[in-house]
Amino acid sequence: MRSRQTFPAPADVRHYLGAWSAVSVVQFFVAEAVVASRWAAPAPYSPTANFISDLGALRCGIHAGREVCSPLNWLMNGSFVLQGLGMLVAAALITSTVLGVAARPTAPSPKGLTATTAVRFLLGAAGAGLVVVGLVPEDSIDALHLTAAGFYFGGASLALVVLGIQWLRHTAAGWPVLGLGAVSLVSTAVGAATRLRVPEPGLLERLMAYPITFGIAIMGAVIFVGARRQRAEIRRLRAARPSSAAS
């Protein structure tokens with residue numbers, strides 16, 4: 001019973017904060033909708049034709065053959081930064097042990113710990129890349145913006161695939177995490193191979209980006225639920241201790 005109470009200890013504050021940081025990435029969808037609604041270019045903003053980063057362009061005019069004008073660019077870029085920071089905090093606070101067993105009272109395997117340590121590294125690198133995406137909009141230093149976006153798409157999608165495979169033996173959430181990661185990873189590979197020169201580049205980019213956001217949010221929700229479950233178990237054991245001692 002002792003091991004169930006103390007291992008892998010997801011009920012501490014750091015895991016609650018890490019879990020909420022992961023879930024917080026969904027703010028991106030709100031920011032994107034608000035910024036897109038204020039689009040001011042002559043042609044309406046198209047989720048299938050325009051890139052997400054077009055919403056963060058600093059100036060109105062022609063960029064890479066597209067006419068862009070986003071008065072709320074600061075909100076979109078701020079959302080990128082916050083999303084990246086949420087990933088960084090989650091990667092830093094959620095331990096490899098807790099991540100490896102989906103916050104369940106199960107001993108992780110050495111191979112599992114290696115996998116989830118890699119997941120944390122990939123999420124951290126992806127989060128740092130997304131922070132740079134927000135700080136360096138597409139019409140400022142385009143090469144740096146694209147490189148940072150590559151770290152985000154590649155690192156985060158691979159992290160979800162590895163995490164999903166690891167979670168299959170611990171939680172049903174492993175399947176959606178793996179599926180979302182696979183969709184993003186395949187789409188990222190297609191985007192890299194074609195340099196996003198496809199009939200609907202905005203749609204392809206969203207197939208790269210949206211699954212990442214959903215997958216990280218699911219990861220955070222699973223860790224949060226596991227932490228709450230363990231905290232409830234600890235309280236139950238503490239409440240039962242006096243009666244056990246009396247008997």
Give, for atom [atom1] of [X] and atom [atom2] of [Y], the distance between the pair rounded to the nearest 0.5 Å.
{"X": "Asn50", "Y": "Glu200", "atom1": "CG", "atom2": "CD", "answer": "10.5 Å"}
{"X": "Asn73", "Y": "Leu58", "atom1": "CG", "atom2": "CG", "answer": "5.5 Å"}
{"X": "Leu146", "Y": "Ile141", "atom1": "CG", "atom2": "CD1", "answer": "11.5 Å"}
{"X": "Leu196", "Y": "Thr188", "atom1": "CG", "atom2": "OG1", "answer": "9.0 Å"}
{"X": "Leu135", "Y": "Leu130", "atom1": "CG", "atom2": "CG", "answer": "9.5 Å"}
{"X": "Met219", "Y": "Thr171", "atom1": "CE", "atom2": "OG1", "answer": "13.0 Å"}

Within a 6.0 Å radius of atom [atom1] on [X], are there more than 12 heavy atoms belonging to other residues, nucleotides or ligands?
{"X": "Phe29", "atom1": "CZ", "result": "yes"}
{"X": "Trp39", "atom1": "CH2", "result": "yes"}
{"X": "Arg229", "atom1": "CZ", "result": "yes"}
{"X": "Phe151", "atom1": "CZ", "result": "no"}

Between [X] (side chain) and [Y] (backbone), is there a donor-acceptor pair under 3.5 Å?
{"X": "Ser184", "Y": "Leu180", "value": "no"}
{"X": "Arg120", "Y": "Ile94", "value": "yes"}
{"X": "Asp54", "Y": "Phe51", "value": "yes"}
{"X": "Asp139", "Y": "His63", "value": "no"}
{"X": "Ser157", "Y": "Phe153", "value": "yes"}
{"X": "Ser37", "Y": "Val34", "value": "yes"}

Verify same cluster id: [X], [Y] (apolar side-chain graph, 4.5 Å):
{"X": "Met208", "Y": "Tyr210", "answer": "yes"}
{"X": "Leu72", "Y": "Val68", "answer": "yes"}
{"X": "Val119", "Y": "Leu158", "answer": "yes"}
{"X": "Val183", "Y": "Leu204", "answer": "no"}
{"X": "Ile216", "Y": "Ile218", "answer": "yes"}

Indicate whether any N or O donor in one side chain lies under 3.5 Å from an N or O acceptor in the other, for Ser79 and Glu32.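 Checked: Ser79/Glu32 side chains show no N/O donor-acceptor pair below 3.5 Å.
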Does Tyr152 form a side chain to side chain contact (heavy atoms under 4.5 Å, CB included) with Gln83? I'd like the steps, not just the answer. CA-CA 11 Å; Tyr152 167 64; Gln83 189 179 9; 3.7 Å; yes
Run Trp175 and Trp167 through side chain to side chain contact (heavy atoms under 4.5 Å, CB included) and show every step you take. CA-CA 8 Å; Trp175 287 110; Trp167 274 12; over 6 Å; no
Only one of Leu99, Val98, Leu93 clears side chain to side chain contact (heavy atoms under 4.5 Å, CB included) with His15; which?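 So, applying the side chain to side chain contact (heavy atoms under 4.5 Å, CB included) to His15 and each of Leu99, Val98, Leu93, only Val98 qualifies.
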